[in-house]
**Q** 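Here's a structure for you.
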Amino acid sequence: MIDSHYGVVIHRNFKPLYADDIYAQFFGHHTGEEMLALDSLLHLIAPHQRQNAIQTYNAIMSGEEKPSIKTYRNIDTEGNEFIVLTVDHIIDWQGVPAIQTTVVDLSNHVDTLKKLHASEKRYRELVDGSIQGILVHRNFEPLFCNQAYAQALGFSSEEALITNGSILPLYDPSFHEQAHRNNQALLSGQKSAIKTEAKCYRVDGSVVWLGLLSRPVTWNGECVVQVTTMDITKQHRLREQLEHRANYDGLTELINRRAMSELLEHQLRTHQALSLPLCCVLIDIDDFKSINDQHGHHIGDEVLKQFAATCRNNIRQSDHIGRWGGEEFVLLLPDTSIEQAEIIAQRLRKDVSRQTITTNNTQLRFTISMGVATLSHDDHSVIHLLSRADKALYQAKHNGKNQAVLANSTARDC
Ligand SMILES: Nc1nc2c(ncn2[C@@H]2O[C@H](COP(=O)(O)OP(=O)(O)OP(=O)(O)O)[C@@H](O)[C@H]2O)c(=O)[nH]1
């Protein structure tokens, strides 16, 4: 709808016969009466359109042309130009034909359109120049994207991406369910914005991590979703590295004491709640100091790495091995009875004792001692479980090393 007033004027050969006040006010006059003093309405029309106005008048009066809608540039009393829309009708005025013109002031409308175009242009420039990717989609069917979004996913142009029926195949399948849920929440008005991160694949198959901010927007009168994206691949890798460093031992690549402590606490709670057996094996490499002293620290490191690899090969997927510190390790065996734990410990002990590590001049062998403890209902903390395993390990060392001792039991050597 055009938000404008309309005025009415009746004229014959542009000599005004009647004008209402609204028409008069378009031109800076106060009343229609004042307009009647004008010789010709033609002076109100921009000079380059006057000829056209005369031709139209003659054609309508002679019946050659049917009255139709025209736009004119008019001039007010102060010389300001403004745009009007006119509709002419032939009427009978005091027995003689005359033209009745209804005039609508379009200035506001044209101004609004101009401002809209200017703001659309500015928006387009902002979107094109944005380093953030912008995508508009209808249930994942791309409707619009900017260059930054297309480039982040390895497309040569925005058009190349838009022609895809769905953007979902560009996102890792693990994200799809969440994407559908978020889309629904935004379109239903349940949420006004959703921030998330997603693993995506570029056209060449390489991985890119995107930070996404999704909002519902109106697009050609329809409610759709606009996503603003930022390439966070570097930050994501850094975070993964930091998380890895915080939880893993750099030398052996086994989980570290911090991560193992958390795991122990968690496993203790779940196994006690479900009355399931849980065993903990504390392992110490025998005479490690003399390995270092005789062969050098780097060979000592090699022994630690090889031991870690042997452990990984010996345990089930559900078991956990971690470096507790120095040459001490914790093996955590969920859902395992003490009898089964002893079998596993002895198997590992034998495997280790059979291995050789080749140094520059000689072949090196090493052994391990172990303390095996099982979770009791009275264990309120892992400290109790670990302390029993530690006592058993001490016993194993005391009894001559290269053996596994069950907590509160006698040493058993194979
Ligand atoms: N190469 C190397 N040595 C380490 C590392 N961490 C701790 N050690 C050394 O491991 C040795 C442990 O020695 P001790 O605690 O005396 O134990 P041990 O010689 O194994 O004697 P037992 O436990 O009685 O068999 C120390 O000399 C530590 O410096 C490491 O990451 N790399």
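Counting from 1, the numbers follow the sequence of the chain as shown.
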**Q** Under a 4.0 Å threshold between the charged nitrogen and the carboxylate oxygen, would Asp88 count as salt-bridged to Lys70?
**A** no
**Q** Do the charged groups of Glu141 and Arg138 touch, with an N to O distance under 4.0 Å?
**A**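 The answer is yes: the pair qualifies as a salt bridge.
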**Q** Do the side chains of Glu328 and Arg257 get close enough for a salt bridge, i.e. N-O under 4.0 angstrom?
**A** no
**Q** Decide yes or no for Val225 and Val136: does some side-chain heavy atom of the first lie under 4.5 Å from some side-chain heavy atom of the second?
**A**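 No - every pair of side-chain heavy atoms lies 4.5 Å or more apart.
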**Q** Is Arg388 reaching over with its side chain to a backbone N or O of Lys391, donor-acceptor style, under 3.5 angstrom?
**A**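 Checked: no pair found.
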**Q** So, does Asn314 use its side chain to make a donor-acceptor pair with the main chain of Thr310 at under 3.5 Å?
**A** yes
**Q** Counting N and O atoms only, with roles assigned by atom type, does the side chain of Gln49 sit under 3.5 Å from a partner on the main chain of Arg73, one being a donor and the other an acceptor?
**A** yes
**Q** As a quick check of understanding, evaluate salt bridge (Lys or Arg N to Asp or Glu O under 4.0 Å) for Lys289 and Asp293, giving each step before the final call.
**A** CA-CA 6 Å; Lys289 187 175 179 315; Asp293 292 347; 3.1 Å; yes
**Q** Checking side-chain polar atoms at under 3.5 Å, does Ser369 have a donor or acceptor matched by the opposite partner on Asp284?
**A**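 There is no such pair (donor and acceptor under 3.5 Å, judged by atom type) between the side chains of Ser369 and Asp284.
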**Q** If only side-chain N and O atoms count, and only distance matters, is there a donor-acceptor pair under 3.5 Å linking Asp76 with His29?
**A** no
**Q** We want to know whether Arg349 and Gln346 form a side-chain donor-acceptor pair, criterion being a heavy-atom distance below 3.5 angstrom.
**A** yes
**Q** Between Glu65 and Thr56, does any side-chain donor sit less than 3.5 Å from a side-chain acceptor?
**A** no
**Q** Do Phe307 and Phe366 come within less than 4.5 Å of each other through their side chains, counting heavy atoms only?
**A**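 Counting from C-beta outward, Phe307 and Phe366 do come under 4.5 Å.
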**Q** Does either side chain, that of Asp249 or that of Thr252, offer a donor lying less than 3.5 Å from an acceptor on the other one?
**A**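 The criterion, which ignores hydrogens and geometry beyond distance, is satisfied for Thr252 and Asp249.
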**Q** State plainly whether the residues Asp351 and Arg347 are in salt-bridge range, i.e. N to O under 4.0 Å.
**A**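 The answer is no: the pair does not qualify as a salt bridge.
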**Q** Which residues satisfy the ring-ring contact (aromatic ring centres under 6.0 Å, His included) test with His180, sequence neighbours excluded?
**A**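 Scan of His180 (ring-ring contact (aromatic ring centres under 6.0 Å, His included), adjacent residues dropped) gives Phe140.
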**Q** For Glu243, check salt bridge (Lys or Arg N to Asp or Glu O under 4.0 Å) against everything at least two apart and list the hits.
**A** none
**Q** Side chains of Val352 and Thr367, heavy atoms from C-beta outward: is any pair under 4.5 Å?
**A** no
**Q** Do His244 and Glu253 pair up side chain to side chain, a donor and an acceptor below 3.5 Å, judged on atom types alone?
**A**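 Short answer, yes.
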